[in-house]
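Take a look at the structure set out below.
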Amino acid sequence: MPKSNKILIYAALLGLGFVLGAIANDIPYVQLKREVDLSTLISFFSLLAAIFIIPFLINTYFARKDSTNRIILSDMDACLDRLESIAGLYKKLYLKDDALTTNDMKELLSELRRATNCIATLSDELDSHVPLSSFRIDVFGQFNERTYKDLTENTQRGAHINDQNYLTASKSIEETITAIKKYRYLTYSD
Amino acid sequence: MTEHNKIKVIRVSDFSSVPGARYRKDGDGSAQEFFEDYVKPAVGDSISEKILIDFDRTWGYASSFISELARQMALAYNKADVRENLELKSDDEPTLIKRFWTEFAKDYSQHA
């Protein structure tokens, strides 16, 4: 908007203020008391406080909740990335012609450690912010007690990953991924 | 193994940076090898003093290593003594401690 237009609008508003002021002054039926008692004053300030404080509290609550949800979603995405990465690595190790080497085991175990810690952190976060969440049992418990075992129990240096172990471990990790995605959806739609 | 304020510290990283699987037949760095060559000689026939097993500074653990180590401890020593005197350290992967104690709590009497 051009600067000249703004000046015109401000001038018009000022003029309107004068006119309304003059009219209000001439209305004969409205009489304002010059004295205000204490209870009216308290009511007035309470109302004023409610007008400003309640929206502020509501905004703060939703902003905090939104921020927490965003952190949780971001951590869920990080865990999903880790699990997808493990699934890919495990498949690569299964398909390789040579037996597993020490470096293969290093790679797999360190990826698993990162994923375990990621899911444990996520589980703690959900416990703090969503007290009734069953993530610790559904996802963390399933991963820690079953998927981890399926991925490592028969995975040894100097050996191949056999078909059965690959199928079991792949299914197990897919189930963990699906479970996290379910929680992600629930958190997102919250 | 080192001693700190009368606590014997056994570091898995002194044994292997890539701990292996369950038994010696599974290859290097097995839990059986760790228990027989490191833990048993350091602890002796009974756990009467504080022992700390430090799981940090390795690449990670297969679940078979943890469960076999827990099983060996449960079979070789009095369970109450182990619970009282054994401490575990795993800052790199804190959930490993719970996994160990869950395995330790299983009943191995029929397999002894």
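The basis for the numbers below is simple: all heavy atoms, side chains too, and nothing from hydrogens, waters or symmetry mates. Numbered from 1 within each chain, the chains take letters A, B, ... in sequence-line order. Keep in mind the model is a prediction, meaning the values are calculated, not measured.
A:Phe44 and A:Leu38 fall into different hydrophobic clusters, where Ile, Leu, Val, Met, Phe, Trp and Tyr are joined by side-chain heavy atoms under 4.5 Å apart, directly or via other members. Neither A:Phe56 nor A:Leu47 shares a network with the other; the hydrophobic side chains, linked directly or stepwise wherever heavy atoms of I, L, V, M, F, W or Y lie under 4.5 Å apart, form separate groups for each. Both A:Phe45 and A:Phe52 belong to a common hydrophobic cluster when Ile, Leu, Val, Met, Phe, Trp and Tyr are linked at side-chain heavy-atom distances under 4.5 angstrom. Linking ILVMFWY residues whenever their side-chain heavy atoms come closer than 4.5 Å, directly or via other members, places B:Trp101 and B:Val12 in the same cluster. There is no path of hydrophobic side-chain contacts, each under 4.5 Å, that joins A:Leu14 to A:Tyr10.
The line from CG of A:Leu109 to CZ of B:Phe65 is 11.0 Å long, rounded to the nearest 0.5 Å. Put simply, NZ on A:Lys149 and OG on B:Ser64 are 9.5 Å apart, with the number rounded to the nearest 0.5 Å.
Checked against salt bridge (charged side-chain N to carboxylate O under 4.0 Å, His left out), B:Lys106 has the following partners two or more places apart in sequence or in another chain: B:Glu103. With sequence neighbours excluded, the residues satisfying salt bridge (charged side-chain N to carboxylate O under 4.0 Å, His left out) with A:Lys96 are A:Asp104.
In this structure, the side chain of B:Arg22 does not engage the main chain of A:Asn154 through any donor-acceptor pair within 3.5 Å. Using modelled atom types, one side-chain atom of A:Thr152 and one backbone atom of B:Ser63 make a donor-acceptor pair closer than 3.5 Å.
Other residues, nucleotides and ligands place no more than 12 heavy atoms under 6.0 Å from the NZ atom of A:Lys181. Within a 6.0 Å sphere centred on CZ of A:Arg64, heavy atoms belonging to other residues, nucleotides or ligands number 12 at most.
When heavy atoms are compared at a cutoff of 4.5 Å, A:Glu111 does not approach chain B at all. At a 4.5 Å heavy-atom cutoff, the contact between A:Asn117 and chain B is made by side-chain atoms alone. Proximity to chain B (any heavy atom under 4.5 Å) is shown, for A:Glu153, by both the backbone and the side chain.
In this structure, B:Tyr61 and A:Arg113 have side chains that are in contact, with non-hydrogen atoms separated by less than 4.5 Å.
Applying a 4.5 Å heavy-atom cutoff, the residues of residues 23-36 of chain B that approach chain A are B:Asp26, B:Asp28, B:Gly29. Scanning residues 83-99 of chain B against chain A with a 4.5 Å non-hydrogen threshold yields B:Asp92, B:Glu93, B:Pro94, B:Thr95, B:Lys98, B:Arg99, sorted by number.
Contact detail for B:Pro19 and A:Arg157: the closest heavy-atom pair is C-NH2, 3.7 Å.
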